[in-house]
Amino acid sequence: MITNAPHTERYAKVIEVSKRVRWDIERDVIRGRGFDYGKAFLPAGLSLVDELGFLSPADQRLLSQVQGRSYAYIFGLAERFIAAKVMQVAQAKALDDQVALEALVRMTDEELKHQAMFRRLETMMAADMPAGYAMTADANAVAQAVLGASTWAVLALTLDIELFTQAHYRASIEPDAGISELWKDVFLFHWREESQHAILDELELLREDARLSAAQRDAAVDDLIALVGAVDGILQAQAKADAAYFGAISGHGRDAERAAAIETGVLKAYRWQYIVSGVMEPRFQKVLFGLVDAAQAARIQAALAPLTYAVPAQPAGPLPMAA
């Protein structure tokens with residue numbers, strides 16, 4: 001029987017923090033408020049709207065709101081498969097480490113709550129924003145596809161997502177005093193719980209890795225590369241839809257050159273948000289590249305190379321991809 005006994009204290013600490021930071025969607029986050037459409041949603045460090053020099057400040061604000069709507073929607077997509085995978089992992093502990101089981105059950109409950117919050121936000125934004133916005137992927141279809149990959153690959157992708165969630169909040173959302181107050185609060189409360197989830201992701205990834213043969217790990221690396229490619233496919237479709245929506249409601253869609261530049265800029269922003277910023281996260285690099293050999297690391301780097309352009313024009317430095 002596999003046991004997590006050496007890590008029980010870490011699981012117990014996650015439970016303690018989970019109880020302390022527990023929040024309610026309506027009572028603690030929304031509090032009867034609506035979004036302030038006179039302010040941006042996503043800060044420029046994530047939306048990259050300031051790289052589209054022909055947009056007025058009002059246009060940049062609107063595009064940040066369109067991107068912000070998709071930022072919440074795509075998180076909801078991710079959390080559908082994350083909750084399902086965590087339930088699978090927890091099931092293996094049902095008759096084993098009960099502290100670890102409780103921590104994972106709490107994580108599942110919190111991920112379900114996050115999905116409910118993002119659905120609530122979409123309902124609010126759909127009522128306030130012009131018609132025509134489209135969500136291009138189905139959450140259940142995405143989850144089914146992701147869950148077809150190896151557990152190692154899904155846990156690695158999950159760790160990446162939950163680490164960049166924290167990085168986005170700390171580096172861009174929290175310091176920006178000019179974004180909608182409700183938007184900032186949504187991701188403050190989200191960050192508080194995701195911080196604990198990343199600890200569990202890392203513990204479970206390391207545990208899963210210890211079970212694998214060299215051949216199984218090699219196949220899992222291929223699964224991870226395929227999952228990143230699938231994520232990029234979702235981002236390409238959503239960027240195209242969002243650029244068309246923004247073009248229609250802003251009037252920029254009537255100019256073919258500007259419309260193309262907007263689509264290119266939105267895709268760059270989405271690749272930065274959902275792939276490249278996570279790959280650059282130091283903790284993720286330490287964990288991932290600590291598990292793979294040099295040839296596997298090279299395969300991962302080669303797969304990511306076409307996306308590494310997607311960093312903010314300023315003050316981005318070289319992408320740290322070293323193992």
Side-chain angles (χ1 to χ4, degrees), residues 37-78 122 125-126 128-138 141-142 164 168 172 176 178-180 183 225-280 302-319:
Y37 289 91
K39 296 183 177 180
F41 287 5
L42 276 187
L46 292 172
S47 68
L48 311 188
V49 294
D50 53 352
E51 296 186 14
L52 295 169
F54 56 83
L55 296 183
S56 69
D59 287 333
Q60 290 184 356
R61 180 174 65 246
L62 177 59
L63 184 53
S64 83
Q65 293 164 359
V66 173
Q67 284 199 37
R69 188 170 177 177
S70 288
Y71 189 74
Y73 153 62
I74 294 172
F75 266 123
L77 287 180
E122 171 55 28
M125 289 183 282
D128 294 336
M129 297 178 73
Y133 175 79
M135 294 180 284
T136 60
D138 174 76
V142 169
F164 76 58
H168 291 180
S172 295
D176 194 328
I179 61 176
S180 168
W183 189 261
I225 291 170
L227 286 177
V228 173
V231 169
D232 191 55
I234 291 170
L235 300 181
Q236 290 182 51
Q238 195 61 41
K240 185 176 183 66
D242 287 353
Y245 173 62
F246 171 75
I249 63 178
S250 68
H252 286 289
R254 293 189 293 268
D255 183 314
E257 185 176 346
R258 287 189 174 189
I262 290 166
E263 183 176 335
T264 297
V266 172
L267 178 57
K268 178 182 176 181
Y270 288 178
R271 284 173 162 169
W272 164 242
Q273 293 163 27
Y274 275 93
I275 298 178
V276 178
S277 65
V279 172
M280 291 176 65
L304 290 167
L307 306 177
T308 57
Y309 78 94
V311 295
Q314 300 190 35
L319 188 65

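Nothing fancy with the numbering, it's 1 onward along the sequence.
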Salt bridge (Lys or Arg N to Asp or Glu O under 4.0 Å) partners for [X], two or more places apart:
| X | value |
| --- | --- |
| Glu263 | none |
| Asp176 | none |
| Arg258 | none |

By side-chain contact (heavy atoms from CB on, under 4.5 Å), which residues pair with Gln65, not counting sequence neighbours?
Tyr37, Phe41, Arg61, Leu62, Met129

Contacts of Ala248 that satisfy side-chain contact (heavy atoms from CB on, under 4.5 Å) - sequence neighbours left out:
none

Quick note, ring pair (Phe, Tyr, Trp, His ring centres under 6.0 Å) partners involving residues 42-64, not counting sequence neighbours, are Phe54-His252

Under the rule for side chain to side chain donor-acceptor pair (under 3.5 Å), what residues qualify as partners of [X], not counting sequence neighbours?
| X | result |
| --- | --- |
| Tyr274 | none |
| Ser70 | Tyr133, Gln238, Asp242 |
| Glu122 | Arg69 |

Salt bridge (Lys or Arg N to Asp or Glu O under 4.0 Å): which pairs involve residues 227-239, sequence neighbours left out?
Asp232-Arg271

State which residues pass ring pair (Phe, Tyr, Trp, His ring centres under 6.0 Å) with Tyr73; sequence neighbours excluded, sorted by chain then number.
none

Going by the rule ring pair (Phe, Tyr, Trp, His ring centres under 6.0 Å), which residues pair with Tyr270 if we only count those two or more places apart in sequence or in a different chain?
none

